[in-house]
Amino acid sequence: MLEVRGVFKSFGQQEILKGIFMSVQKGELVFIIGPSGSGKSTLLRCCNRLEEPSTGEIWVDGIDILDRKVDINKVRQRIGMVFQSFNLYSHMTALQNVTLALRKVAGKSRKEADEIAHAMLNHVGLSARADFYPSQLSGGQQQRVAIARTLALDPKVVLFDEPTSALDPELVGGILNVMRMLREEGMTMVVVSHEMRFAREAADRVIFMADGKIVEEGPPEQIFGAPKQPRTQEFLSRLH
Ligand code: ADP
Ligand code: MG
């Protein structure tokens with residue numbers, strides 16, 4: 001479903017991604033962990049062309065998304081992204097935040113967009129909050145609106161960049177539950193997160209990144225239980 005082949009990315013003189021190869025199967029939940037500054041966000045951002053890789057290829061469901069001829073709106077529809085900071089419009093209600101993308105990016109009519117948006121807000125447990133503004137919602141509810149907005153475009157893959165990092169601890173569980181639900185529905189997901197307990201329980205595969213490279217990857221039992229690389233061992237030991 002998602003294939004990253006030999007992606008390098010530099011900002012100025014600094015090389016941030018140093019040859020990333022990553023293959024994500026349909027319905028797989030892949031977790032990416034690693035120290036701050038290792039290039040996790042840059043990798044996700046390359047995958048929906050918020051950043052352009054310096055070299056390499058990225059394929060999504062058979063389409064080369066770095067091809068100049070590919071419509072960027074189509075790319076963003078196929079690969080949704082959920083950010084730490086929600087990125088909702090504060091002057092729009094939850095419903096309007098969801099319908100905006102449906103109308104602008106997917107070209108839906110107002111009626112159709114409203115129907116899909118209501119269904120998506122219902123799906124993430126927010127049907128009663130459709131007409132609330134972001135300031136009237138908790139952080140967890142705002143993040144669920146952001147997830148509903150992403151799902152509304154019917155993506156093939158959803159990328160999550162630290163979706164719970166900005167939330168109070170008691171609100172984290174609600175977001176993890178939404179991700180569990182998506183996993184059961186067969187959504188393909190790549191998740192950058194520090195929620196190691198969730199990774200152990202829900203991830204099909206864990207990738208450890210450091211210094212712009214994939215150091216080690218494997219099933220969660222292996223990465224957390226018996227990491228092979230010293231760099232992985234050191235990172236995990238510092239978490240306890
Ligand atoms: P992580 O998500 O693993 O913490 P990032 O991908 O955010 O890492 O950042 C990796 C490195 O790339 C950092 O050193 C960061 O300062 C740098 N970086 C990220 N985005 C930019 C940018 N737009 N311009 C310059 N440097 C950047
Ligand atoms: Mg990051």
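Read the numbers this way: they start at 1 and go in the same order the structure lists the ligands and their atoms. For the single chain, residues carry numbers from 1 onward in sequence order. Nothing here was measured: the structure is a model prediction, and the numbers come from that model.
- The closest protein non-hydrogen atom to atom 3 (O) of ligand 1 is K40 NZ, 2.8 Å.
- Here's the thing with Q14: none of its N/O atoms is less than 3.5 angstrom from an N/O atom of ligand 1.
- The residues E28 and R205 are annotated as salt-bridged, a charged nitrogen and a carboxylate oxygen being separated by less than 4.0 angstrom.
- Within a 4.0 Å radius of atom 15 (C) of ligand 1, the protein has no heavy atom.
- Ranking the protein heavy atoms by distance from atom 19 (C) of ligand 1 puts F11 CE1, 3.5 Å first.
- With 3.5 Å as the limit, one finds no donor-acceptor pair spanning the side chains of R76 and N73.
- Ligand 1 has an N or O atom lying under 3.5 Å from an N or O atom of G39, backbone or side chain.
- Put simply, the residue from I32, L29, T164 that forms a side-chain contact (heavy atoms from CB on, under 4.5 Å) with V191 is L29.
- Scanning all protein heavy atoms for the shortest distance to atom 7 (O) of ligand 1 gives S41 CB, 3.6 Å.
- At a threshold of 4.0 Å, the pair E216-R231 does not count as salt-bridged, since none of the basic side-chain nitrogens sits closer than that to a carboxylate oxygen.
- Just one of H91, R149, Q142 meets the side-chain contact (heavy atoms from CB on, under 4.5 Å) condition when paired with N97; it is R149.
- In terms of protein heavy atoms, atom 5 (P) of ligand 1 is closest to T42 OG1, 3.7 Å.
- Within ligand 1, the atoms closer than 4.0 Å to a non-hydrogen atom of I16 are 10 (C), 11 (C), 12 (O), 17 (C), numbered from 1 in the order shown.
- Nearest heavy atoms, I33 versus F224: CD1-CE2, 4.2 Å.
- Less than 4.0 angstrom separates some heavy atom of P35 from each of these atoms of ligand 1: 3 (O).
- For atom 4 (O) of ligand 1, the closest non-hydrogen atom of the protein is G37 N, 2.7 Å.
- Within the 4.0 Å heavy-atom shell around ligand 1 one does not find G34.
- Between the side chains of E3 and S23, at least one donor N or O sits under 3.5 Å from an acceptor N or O.
- Remark: R180 does not engage E184 in a salt bridge, criterion side-chain N to carboxylate O under 4.0 Å.
- Heavy atoms of G212 stay at 4.0 angstrom or farther from ligand 1.
- When distances to the Mg ion (ligand 2) are checked against a cut-off of 2.8 Å, Q84 contributes no N, O or S atom below that limit.
- Salt-bridge formation is detected for the pair R183/D204: a Lys NZ or Arg NE/NH1/NH2 atom is positioned less than 4.0 Å from an Asp or Glu carboxylate oxygen.
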